[in-house]
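Keep in mind the model is a prediction, meaning the values are calculated, not measured.
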Amino acid sequence: MAVTGRAALLAALGTLPVGIWDPSWTGVLAVNAPLAVACACDFALAAPVRRLRLSRSGDTSVRLGDTADVTLTVTNPSRRPLRARLRDAWPPSAWQPGTETAASRHRLTIPPGERRRLTTRLRPTRRGDRQADRVTIRSYGPLGLSARQGTHRVPWTVRVLPPFTSRKHLPAKLARLRELDGRTSVLTRGEGTEFDSLREYVPGDDTRSIDWRATARQSAVAVRTWRPERDRHILVVLDTGRTSAGRVGDVPRLDAAMDAALLLAALASRAGDRVDLLAYDRRVRALVQGRTAGDVLSSLVGAMATLEPELVETDARGLTAAALRTAPRRSLIVLLTTLDAAPVEEGLLPVLPQLTKRHTVLLASVADPHIAQMAKARGSTEAVYEAAAAAQAQAERHRTAEQLRRHGVTVVDAVPDEIAPALSDAYLALKAAGRL
């Protein structure tokens, strides 16, 4: 009678009487029986997967665009050597496209009772927390004919921080700050609001700076010199509503705004000013307060790492109320938001007097460089229509900016590559003018 393949294998292993074999299976069994026995023995000699002990160590944070190394330690407590392939799984955004297969897969051999360390190199493509997924291990026998497979969960989180690409501008801005602050030979006399020192009068000095009491005590006319006031409070407000989700250039508006905020915070903390952060759309998404100059930048970077745009309309009244609670005394409010006409005219302008009455307000907006390119387009009917649409968009943006300026707001409107230095320049200009 005909015998199934499983029955033939069992017969080859001696569990079925020889008398029931079909002669047509004799040749098959002669070849497959030794192979089946070899596979069974190979499987039995493979190291068990469930008994392996795994742990992690390594980097817990990395700047976007840099690499992070996470070490996986595998201990083999069994009496059999481990010959295995291992896959250390992470979310797709933890790798550059096309590199996941090579970076996450490892071969390893671990003698009994020993351990080995494997390093997985991550290169994330998005900000936020990246959490390790399962570790899958396939343990082979000495012949490599069969294998045991199992998974382990070994938790680990790598926080991907904003890249802070604008830090390359910091040395130039600090040099300008020292110039304003009187710490270099290029001292800007007569600017600022904080008394610096007395010096002898020279022709051309503002006579309002003459210190008559000091002059009476000496034979020469003495004048006061000033410097920008220190220890001022700056509140950086990030609008995380729907308009921050739009991509300008290669990044979302929110990412470009955060980069500008980090440069401003680094500069202001060096100037002796206190910097706080508020991220808001319809509720507070992040709040950093009361940090020292040495801790403020790392605190801001950590708070910004997990921020994502929310696809909701920003509540301008709620944002204003939150800003006033966070900055109860006179401060510089730096609002990083949109200059689109509808959100500003319908949301921000009605509540703006509440901010400008008590605070100095600086609004910075990330412009789309594609609009400027469209405005220059010519050569075809379609290009002319695109140029007209771009010109109209630019005109609306300029009108919105003028409305804000009439309310006493300083406006900075720049493309992603220029928004960070432009915002810092506006801060230095306010400081030099004694408006902080």
Side-chain angles (χ1 to χ4, degrees), residues 38-163 252 255 285-286 301-310:
C39 288
C41 294
D42 201 43
F43 180 82
L45 292 175
V49 174
R50 293 182 181 274
R51 295 177 57 190
L52 298 175
R53 296 196 297 267
L54 286 78
S55 62
R56 292 190 187 273
S57 60
D59 295 331
T60 56
S61 64
V62 61
R63 288 195 182 277
L64 184 64
D66 293 342
T67 58
D69 291 337
V70 179
T71 300
L72 182 68
T73 302
V74 184
T75 304
N76 178 19
S78 72
R79 296 181 179 179
R80 305 170 197 165
L82 175 68
R83 308 171 187 86
R85 289 184 176 181
L86 180 147
R87 178 174 181 259
D88 188 6
W90 289 76
S93 58
W95 324 89
Q96 291 291 326
T99 64
E100 187 269 343
T101 300
S104 65
R105 286 166 170 76
H106 307 272
R107 291 178 178 269
L108 70 161
T109 300
I110 307 178
E114 296 188 13
R115 64 184 179 182
R116 294 291 184 270
R117 292 184 176 89
L118 307 171
T119 299
T120 300
R121 176 156 291 180
L122 309 176
R123 193 179 180 90
T125 57
R126 290 179 57 190
R127 287 182 297 100
D129 290 339
R130 299 291 167 262
Q131 297 180 343
D133 202 346
R134 293 169 294 179
V135 176
T136 303
I137 303 174
R138 183 174 294 173
S139 172
Y140 292 90
L143 300 178
L145 298 175
S146 59
R148 305 169 185 262
Q149 181 168 308
T151 60
H152 291 259
R153 291 196 176 274
V154 192
W156 194 259
T157 301
V158 175
R159 174 158 289 190
V160 187
L161 307 173
D255 286 42
R285 301 289 176 178
V301 167
M304 292 176 181
T306 56
L307 282 179
E308 294 293 342
E310 300 292 331

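- More than 12 heavy atoms of other shown residues, nucleotides or ligands fall within 6.0 angstrom of atom CZ in R80.
- Between R153 and D133 there is a salt bridge, since a side-chain N of the basic residue sits under 4.0 Å from a carboxylate O of the acidic one.
- For the atom pair CZ (R83) and OG1 (T109), the distance works out to 7.5 Å, reported to the nearest 0.5 Å.
- Residues Q149 and T136 have side chains in contact (heavy-atom distance under 4.5 Å, counting atoms from C-beta outward).
- L64 approaches T125 most closely through the heavy-atom pair CD1-C, 3.5 Å.
- Contact detail for P112 and P81: the closest heavy-atom pair is CG-N, 3.8 Å.
- Taken to the nearest 0.5 Å, the CG atom of L45 stands 11.0 Å off from the CG atom of L145.
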Item to check | Residues T60, R159; criterion side-chain contact (heavy atoms from CB on, under 4.5 Å); working and verdict | outcome: CA-CA 6 Å; T60 56; R159 174 158 289 190; over 6 Å; no
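- For the residue pair G141 and A46, the shortest heavy atom distance occurs at N-CB, 3.7 Å.
- Tested against V70 for a side chain to side chain contact (heavy atoms under 4.5 Å, CB included), the candidates V154, L118, L122 yield a single pass: L122.
- Looking only at side-chain heavy atoms (C-beta outward), E100 and W90 stay at 4.5 Å or farther from each other.
- Counting heavy atoms from C-beta on, the side chains of I110 and L52 never come closer than 4.5 Å.
- For R115, the CZ atom counts as loosely surrounded, since its 6.0 Å shell holds 12 or fewer non-hydrogen atoms of other residues, nucleotides or ligands.
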Next on the checklist: Assess the residue pair N76 and V74 against the criterion (side-chain contact (heavy atoms from CB on, under 4.5 Å)); give the C-alpha distance rounded to whole Å, side-chain angles, the decisive distance to 0.1 Å, and a yes or no.
Outcome noted: CA-CA 7 Å; N76 178 19; V74 184; over 6 Å; no
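- Atom CH2 in W95 sits 5.5 Å away from atom OG1 in T120 (nearest 0.5 Å).
- In this structure, the side chains of D59 and V158 stay at 4.5 Å or more apart for every pair of heavy atoms.
- Atom CG of residue L72 and atom OG1 of residue T119 lie 9.0 Å apart, to the nearest 0.5 angstrom.
- Looking at every heavy atom in both residues, S139 comes nearest to A84 through CA-CB, 4.1 Å.
- We find the CZ-OG1 distance between R116 and T73 to be 11.5 Å, quoted to the nearest 0.5 Å.
- Listed for the R148 side chain is a donor-acceptor partner under 3.5 Å among the backbone atoms of F43.
- Between T71 and W156 the shortest side-chain heavy-atom distance does not fall below 4.5 Å.
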Next on the checklist: Set out, in order, the CA-CA distance, both residues' side-chain angles and the distance that settles side-chain contact (heavy atoms from CB on, under 4.5 Å) for R123 and V62, then state yes or no.
Outcome noted: CA-CA 9 Å; R123 193 179 180 90; V62 61; over 6 Å; no
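- Distance check, rounded to the nearest 0.5 Å: CZ of R50 to CD1 of I137 gives 12.0 Å.
- Of the candidates R105, R121, R56, R56 is the only one forming a salt bridge (Lys or Arg N to Asp or Glu O under 4.0 Å) with D88.
- Judged purely by atom type and a 3.5 angstrom limit, R127 uses its side chain to pair as donor or acceptor with the backbone of L307.
- H152 places no side-chain N or O within donor-acceptor distance of the main-chain N or O of S55, the cut-off being under 3.5 Å.
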